[in-house]
4 protein chains.
Amino acid sequence: MSEGKTPDAGRRSERSHQAILKAVVELVGEMGYGRLTIEAIAARAGVGKQTIYRWWPNKGLLVLDAFAALMGDTAPLPDTGDVVADMKLVLRATAAELCSPRFEVPSRALTAESQLDPALAKQFVDTLLRPSLEVTKERLRVAQRAGQVAAGVDLDVAVELLVGPLFHRWLLRTAPLTPEYADTVAEYALAALRPPRTSGSAG
Amino acid sequence: MSEGKTPDAGRRSERSHQAILKAVVELVGEMGYGRLTIEAIAARAGVGKQTIYRWWPNKGLLVLDAFAALMGDTAPLPDTGDVVADMKLVLRATAAELCSPRFEVPSRALTAESQLDPALAKQFVDTLLRPSLEVTKERLRVAQRAGQVAAGVDLDVAVELLVGPLFHRWLLRTAPLTPEYADTVAEYALAALRPPRTSGSAG
Amino acid sequence: MSEGKTPDAGRRSERSHQAILKAVVELVGEMGYGRLTIEAIAARAGVGKQTIYRWWPNKGLLVLDAFAALMGDTAPLPDTGDVVADMKLVLRATAAELCSPRFEVPSRALTAESQLDPALAKQFVDTLLRPSLEVTKERLRVAQRAGQVAAGVDLDVAVELLVGPLFHRWLLRTAPLTPEYADTVAEYALAALRPPRTSGSAG
Amino acid sequence: MSEGKTPDAGRRSERSHQAILKAVVELVGEMGYGRLTIEAIAARAGVGKQTIYRWWPNKGLLVLDAFAALMGDTAPLPDTGDVVADMKLVLRATAAELCSPRFEVPSRALTAESQLDPALAKQFVDTLLRPSLEVTKERLRVAQRAGQVAAGVDLDVAVELLVGPLFHRWLLRTAPLTPEYADTVAEYALAALRPPRTSGSAG
DNA sequence: CAATAACCGAGACGGTACGTCGCGTCTTGAA
DNA sequence: TTCAAGACGCGACGTACCGTCTCGGTTATTG
């Protein structure tokens, strides 16, 4: 999914490919990203180191691939007609995922590594993050058409208003990431986006 | 400044101490945090490796110290009476700092490293981040007393509502961090925090 | 020429065979035997590695084949009737060959490799060395019949007496290998082999 | 004894130094020079690889050092007054040593490696070979003064006449290296060197 | 006013992992 | 079947740094 060059993908050993991704997931869970080693991955996967270096340029993109394989494709959001309720659902789900043991370690690792490697950052955002933000944005667009979100609002900003606070708290660990917090953020953010009350209209 | 134990501060060579912090700042700028090496720091500072290991437990805390020395103490915020204007100032300043070449590399490095090292994370947040958020919170408290912010608002959440979106955009590089964006975020966030209009009262 | 087994000589690509031997000669000259690589040979010859492994069991025997192809078949020695003069010719020719750039590198390589690989040693001696020593021995046999060499002399020892000193000096580089040295050795060696003077006889 | 550069010999760990030489001797015996590995040496010696690379530039010189440590200093030859008898002793001893299991493997290895590495060759000859040849040459000089060797003889050539045949047979394995062969070579070589019979003198 | 104990620079040490090279085997598709 | 091409598992290379450990050589009190 994310290997930069594909010398001859037809010849690639699918068995090795899968074994490597599996080993990465296992090892990142066992020892964390910092202690993760190409040699250990190769050993666990029963693969030569060169086979890893042949297909991935660095540890970051390898972990990204392994992590991407873990996540299913982004599902579209439910639309109950109530944006606030729907956004609460989204943020609660996001918070839960960020704290789930399976996702937390690689998410933090990829976020961290992205700070040191802009190429990885781009790949990470494009592959994993943007699609997920996009479905939220889509839901907001519907809300905007329905008049629940003010017409002039830049929806990218709107999404950041919803997700940014959660992300800030998660990443900097300033406080626990509870479902209640998710609800609060959703309420505040959507309050900010609500169109101004006009006399004679109903929200 | 942040070393946990001070075996015998009287004997500590201030010359070496400063040379190390200076070397760290220089080298982190030249080669980035990832390629930063204790050996290189020692060589640049003209110092034995042991002198570094004696006073700092790891690279992260060393960089934190060096970075903290770069930043002056947190100054209190101006209070013009207009929260929105004041917050725009704060966010614009924050955005500018995050993008300034002097601060960007170590900020990203510390944020990244904090993901892999909770001890560093705590130190980072307590030393550098919290004080900065605290002054913002203080200004909001004043606004709350003045009735510009709703009475029931949790000010920690309020601060995150303001800072989170900026931080999200900076860290994930989803879009450029402009002063206009800072203004927009400030407007939206404070709109969300404004007390509900009561008949017969003025905002 | 010297491959042990010939799985199916009929199918063997003569074009590839020659390209490989040519590549070996070139590369051994360019980078020496130690840095010679099967992969480099294959690349230079425009040949798959397997084609080399199919026909030669190891690098040593491959170089031996390539070197043997370089040397013509051993020519019989001239017989002027004067053993000493003839042997001087032989030793001067030997010395010249050992020092010629074309032969020196592979000769040293094969001698060296033979120390670590007895199978190669045998092949090397039988294919290249023994025939060359044999013609010298033959010339000495003639001299022995003519009474110029004592009757009881073991001709194998005689040959070693002639060739050994040259070889020793060449291999260990204790001193330069000049034609004069060849002459001196020939004189001494044949002096040792001369039959004892009997009263009333002439040498 | 043969390390090229001595960064700071005072700080060198003698324990490690000795352990390395010991490991080399053991391993060269167990697996031969060709299969000898720096990693294996380091492991066996309980030493980091860098400690080997720090003090020796390559495998050849390391083995040379280890081998030199094995051999005592060259003892002077006995002088019984009978050159032939003395030389027989020398050659028999040389033959025995070349075939002794302890010396054969490293001797062949160093001879072989010297073919590919002139620097090693020089060191090898100067350190181990030349001193040994020199004592023989010295004994011959005495014989020359005593009139047992012709006055005009170049003693370097004389030594090669004695040692060359043995060396040739040993290195190329053309025939077994027996004590009898050593005797024969000594007899022939000294016959060649004997001064011409002058009337009225006795040999 | 020595002495004595810390800290200092330097850098060797036992290790771990790196990213590369080349081995000899195996697989694929064309001739 | 052989061949060119080249991926594969593997093992070793030589290097970079890690964090620890001596070394002497300053300091800087303190008995």
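Chain A is the first sequence line, chain B the second, and so forth, proteins listed ahead of strands; every chain is numbered from 1. Here the structure is a predicted model, which is why all the values come from computation and not from measurement.
R12(D) has no side-chain polar atom (N or O) that falls below the 4.0 Å cut-off from OP1 or OP2 of dA12(E). One finds no side-chain N or O of T37(A) lying less than 4.0 angstrom from the OP1 or OP2 phosphate oxygen of dT16(E). For S13(A), no side-chain nitrogen or oxygen approaches OP1 or OP2 of dT27(E) to under 4.0 Å. Contact between the side-chain N/O atoms of R11(D) and the OP1/OP2 oxygens of dA10(E) is not found at any separation under 4.0 Å. Here R54(B) reaches the OP1 or OP2 of dC8(E): one of its side-chain N or O atoms lies under 4.0 Å away. Considering only side-chain N and O atoms, W55(B) lies nowhere under 4.0 angstrom from the phosphate OP1 or OP2 of dA6(E). The phosphate of dT2(F) has neither OP1 nor OP2 within less than 4.0 Å of any side-chain N or O from S16(C).
The side chain of Y53(D) has dG14(F) as its nearest neighbour among dC21(E), dG14(F), dT2(F).
Straight-line distance from the CH2 atom of W56(A) to the C1' atom of dG19(E): 16 Å, rounded to whole Å.
Remark: R11(A) fails to qualify as a cation-pi partner of W55(A) under the 6.0 Å distance and 45° angle criteria applied to the six-membered ring.
Rounding to the nearest 0.5 Å gives a distance of 9.5 Å between CD of Q18(C) and CD1 of I20(C).
Remark: side-chain polar atoms of N58(D) are paired, donor with acceptor, to backbone N or O of L61(D) under 3.5 angstrom.
Scanning atom types as modelled, one donor and one acceptor separated by under 3.5 angstrom connect the side chain of K49(A) and the base of dG19(E).
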Any chance you could lay out the side chain to side chain contact (heavy atoms under 4.5 Å, CB included) test for F124(A) and T111(A), step after step, and finish with the verdict? CA-CA 8 Å; F124(A) 175 44; T111(A) 309; 4.0 Å; yes

